[in-house]
Amino acid sequence: MSLSLLSRYAFFAACVIFTLACIPFMGHDWLWPFAFAAAALSLLGIFDLLQKPHAVRRNYPILGNIRYLVETIRPEIRQYLLESDSDALPFSRAQRSLVYSRAKNESADKPFGTLIDVYQSGFEYIGHSMRPAPLSDPSSFRVIIGGPQCKQPYSASVFNISAMSFGSLSANAIRALNQGAKLGNFAHDTGEGSISPYHREHGGDLTWELGSGYFGCRTSSGLFDPERFAKQAQDPQVRMIEIKMSQGAKPGHGGILPKGKVTQEIADTRGIMMGEDCISPSRHSAFSTPIEMMQFIAQLRELSGGKPVGFKFCLGHPWEFMGIAKAMLQTGILPDFIVVDGKEGGTGAAPVEFTDHMGSPMREGLLFVHNTLVGLNLRDKIKLGASGKIVSAFDIASVLAIGADWCNAARGFMFAIGCIQSQSCHTNKCPTGVATQDSLRQRALVVPDKAQRVFSFHRNTLKALAEMLAAAGLEHPSQLQAKHLVRRVSATEIKLFSQLHVFLKPGELLTGEVSGEFYQRMWAMARADSFDAAEIIAA
């Protein structure tokens with residue numbers, strides 16, 4: 001017992017004794033620094049003994065604080081000293097370095113050979129051609145978004161900025177992203193926080209995301225306001241309207257921005273009152289069934305002057321999306337595009353259970369949506385976007401190969417403007433000024449410099465995509481197919497993605513002769529009049 005007490009209180013006692021012993025000798029100037037340090041530590045030890053929240057500090061005065069100090073710098077120690085280049089937490093050092101290099105126009109070439117174990121299950125690659133194609137101009141990598149019911153189709157890049165709201169990101173971050181999008185002629189998604197003055201400052205193309213809070217077009221009670229929507233949607237800078245059904249990192253979860261974090265700028269942008277919590281409900285109030293959702297899409301298209309209108313979601317219950325597809329057939333109303341978000345996507349903050357265990361990964365969701373539209377002969381009328389942990393040309397190529405027409409990226413562009421993956425987005429203490437409303441912190445983010453990096457990252461990534469396509473014997477991203485993407489499934493076997501997955505034939509769901517039992521069962525469960533599943537009576 002005495003040894004235990006000695007180990008726990010020895011350092012504290014030594015500091016107190018040294019402080020008291022120094023008092024008679026305070027006339028010696030050289031002793032002052034040591035006496036002051038010992039006195040400060042003694043006061044800290046007394047405070048540790050008196051405080052109640054932390055048992056470690058009460059049992060180990062002074063020394064117990066080392067535990068909390070090390071814990072606060074643990075992420076930095078791990079990121080810079082311990083993790084390997086391939087540890088993905090959530091992005092590997094190699095991935096981040098690639099973005100940083102391309103954003104700075106530095107060489108991203110690697111010497112000596114790959115660091116990836118190509119014989120490990122899950123390794124993927126693009127098959128190359130014995131006769132490579134001529135190198136294409138990356139500026140031609142665009143897709144026309146706008147179906148037969150759209151009056152103002154939009155020519156979008158195959159690589160765009162995904163949804164990140166003002167409020168989650170700083171004003172300077174929004175400025176840099178939008179200016180970069182303007183320089184590179186690609187789209188910038190506003191996120192559900194509406195269109196801020198910083199989105200408009202440089203005139204870059206906008207995709208206006210409309211969440212369940214209807215920020216920027218809501219009544220005082222939080223309902224959808226058609227007049228306010230039309231006023232903003234008809235602005236020439238707004239090129240597309242995206243209804244946010246769910247977000248990959250926290251599908252089915254609403255959000256609350258506490259009133260203490262609601263600045264006057266955020267309140268004005270979102271159309272909310274100061275002094276009140278900013279609430280994003282978990283579901284929309286403007287519609288409650290798939291049919292009503294299609295009618296809402298038609299309303300938004302008309303109010304916007306015929307601009308492309310679509311929706312973003314993370315796949316959850318498969319029959320719900322098929323219910324939306326049935327509503328398309330029943331009403332004749334089609335969205336112009338659908339963005340499939342994956343559970344691997346990012347977020348400012350979410351419960352761990354949601355980020356880890358809710359929602360489908362992006363590829364599974366994308367393949368399901370693609371197959372459903374093919375099976376209904378609707379795929380050529382509706383464009384598909386994909387988002388979720390996309391930073392490289394291979395990431396883009398791999399999702400285009402299994403059904404997407406274009407990709408969106410959020411964290412990749414955050415890296416381009418200086419994000420170091422400190423994972424402090426929710427604390428308002430972002431060290432690089434990207435995800436904070438602290439005016440002093442965001443001052444560190446120099447907009448012209450970071451806008452150029454956004455532009456360079458986009459341009460150099462598409463240049464790398466052009467080189468990959470040429471090596472595969474292709475000239476445009478739209479030519480990528482599942483047969484071009486290969487995966488190792490065991491130590492002795494590789495398969496094309498066209499072999500790994502079921503791909504429905506055009507019109508297959510309409511004929512009733514469905515090759516995939518899962519698709520047939522989900523189609524039977526889907527209802528156009530409700531998001532609930534239909535009862536299936538066994539024969």
Side-chain angles (χ1 to χ4, degrees), residues 143-157 160-167 174 177-178 181-182 185-245 247 265-272 278 280-281 284-287 292-313 331 333-339 382-383 385 406 408:
V143 56
I144 301 298
I145 302 175
Q149 299 162 351
C150 174
K151 297 178 182 177
Q152 299 186 53
Y154 175 56
S155 174
S157 169
N160 303 284
I161 301 173
S162 195
M164 294 180 284
S165 300
F166 169 60
I174 296 295
L177 290 169
N178 193 257
K182 177 70 172 180
N185 193 24
F186 55 97
H188 178 193
D189 194 311
T190 65
E192 68 173 313
S194 190
I195 308 170
S196 72
Y198 310 109
H199 287 97
R200 298 190 183 279
E201 208 166 287
H202 297 287
D205 290 349
L206 294 177
T207 298
W208 182 12
E209 184 176 87
L210 205 62
S212 54
Y214 306 115
F215 299 126
C217 59
R218 57 187 268 143
T219 65
S220 58
S221 58
L223 300 178
F224 175 69
D225 186 330
E227 291 185 9
R228 295 189 66 186
F229 171 80
K231 184 177 179 180
Q232 292 225 62
Q234 291 178 18
D235 188 301
Q237 191 180 351
V238 176
R239 308 306 296 268
M240 300 195 296
I241 315 296
E242 177 184 272
I243 303 168
K244 175 186 171 182
M245 296 294 289
Q247 177 182 345
E265 284 182 316
I266 293 174
D268 292 342
T269 296
R270 300 192 178 197
I272 58 176
C278 179
S280 300
H284 283 262
S285 58
F287 56 89
E292 290 177 358
M293 180 182 171
M294 292 304 103
Q295 293 168 344
F296 186 59
I297 286 175
Q299 181 186 13
L300 296 186
R301 191 183 285 128
E302 181 180 354
L303 291 170
S304 67
K307 294 181 179 180
V309 179
F311 63 93
K312 178 183 83 173
F313 82 118
T331 62
I333 301 169
L334 303 179
D336 296 292
F337 65 91
I338 299 170
V339 176
I382 301 172
K383 293 295 189 291
W406 88 92
N408 295 330

I'd like to know if Arg301 pairs up with Asp336 as an ion pair, taking the criterion as any Lys NZ or Arg NE/NH1/NH2 lying under 4.0 Å from an Asp or Glu carboxylate oxygen. yes

Is there a donor-acceptor pair closer than 3.5 Å between any side-chain N or O of Gln232 and the backbone N or O of Gly216? yes

Do Phe166 and Pro197 make a side-chain contact, defined as non-hydrogen atoms from C-beta onward lying under 4.5 Å apart? no

Can you find a pair of side-chain heavy atoms, one from Ile297 and one from Leu334, that are under 4.5 Å apart? no

With a 4.5 Å heavy-atom cut-off, do His284 and Met245 have their side chains touching? yes

Short question: side chain of Tyr214, backbone of Ser285 - any donor-acceptor pair under 3.5 Å? yes

Mark yes when over 12 heavy atoms from residues, nucleotides or ligands other than Gln234 sit less than 6.0 Å from its CD; otherwise mark no. yes

Judged by atom type as modelled, is there a donor-acceptor pair below 3.5 Å linking the side chain of Lys383 to the main-chain atoms of Val143? no

dist Trp208:CH2 -> Asp189:CG (nearest 0.5 Å) comes out at 12.5 Å

Would you name the heavy atoms of Gly193 and Ser165 that are closest together and state the gap between them? N-OG, 2.9 Å

Looking at Glu242 and Thr207, would you say the former's side chain and the latter's main chain have a donor-acceptor pair under 3.5 Å? no

Rounded to the nearest 0.5 Å, what's the gap from CZ on Arg239 to CG on Asp205? Could you check? 4.5 Å

Has Arg228 got a side-chain atom pairing as donor or acceptor with Arg218's backbone, closer than 3.5 angstrom? yes

How far does CD1 of Ile241 sit from CG of Leu303, to the nearest 0.5 angstrom? 9.5 Å

Quick one: closest heavy-atom pair of Pro153 and Pro308, and the distance? CA-CG, 4.2 Å

Nearest heavy-atom contact between Ala187 and Asn160 is N-OD1, 2.9 Å

Nearest heavy-atom approach of Pro335 to Ile338 is CG-CG1, 4.3 Å

Gap separating the NZ atom of Lys307 from the CD1 atom of Ile145, nearest 0.5 angstrom: 14.0 Å

Any chance you could measure Glu209, atom CD, to Gln247, atom CD, to the nearest 0.5 Å? 7.5 Å

dist Phe215:CZ -> Ser194:OG (nearest 0.5 Å) comes out at 9.0 Å

Using 30° and 60° as the class limits, which term best fits the ring planes of Phe287 and Phe296: parallel, tilted or perpendicular? tilted

Check for a donor-acceptor pair, side chain of Glu292 on one end and backbone N or O of Ala286 on the other, with a separation under 3.5 Å. no

Flag side-chain contact, heavy atom, 4.5 Å: Arg200 against Asp235: yes

Taking every non-hydrogen atom, the tightest pair across Ser157 and Trp406: O-CB, 3.8 Å

Chi angles and distances behind the side chain to side chain contact (heavy atoms under 4.5 Å, CB included) call for Met164, Leu177: CA-CA 10 Å; Met164 294 180 284; Leu177 290 169; 3.8 Å; yes

Heavy-atom nearest pair, Ile144 first then Ser155, reads CD1-CB, 3.6 Å

Has Lys244 got a side-chain atom pairing as donor or acceptor with Glu192's backbone, closer than 3.5 angstrom? no

Side chains of His188 and Asn178: is there a donor and an acceptor less than 3.5 Å apart? yes

Please tell me if the side chains of Ile161 and Phe186 come closer than 4.5 Å, counting only heavy atoms from C-beta onward. yes

Do Ser304 and Val238 make a side-chain contact, defined as non-hydrogen atoms from C-beta onward lying under 4.5 Å apart? no

So, the side chain of Thr331 versus the backbone of Ile333: is there a donor-acceptor pair under 3.5 Å, distance only? yes

Do the side chains of Cys278 and Ile266 get nearer than 4.5 Å, heavy atoms only? no

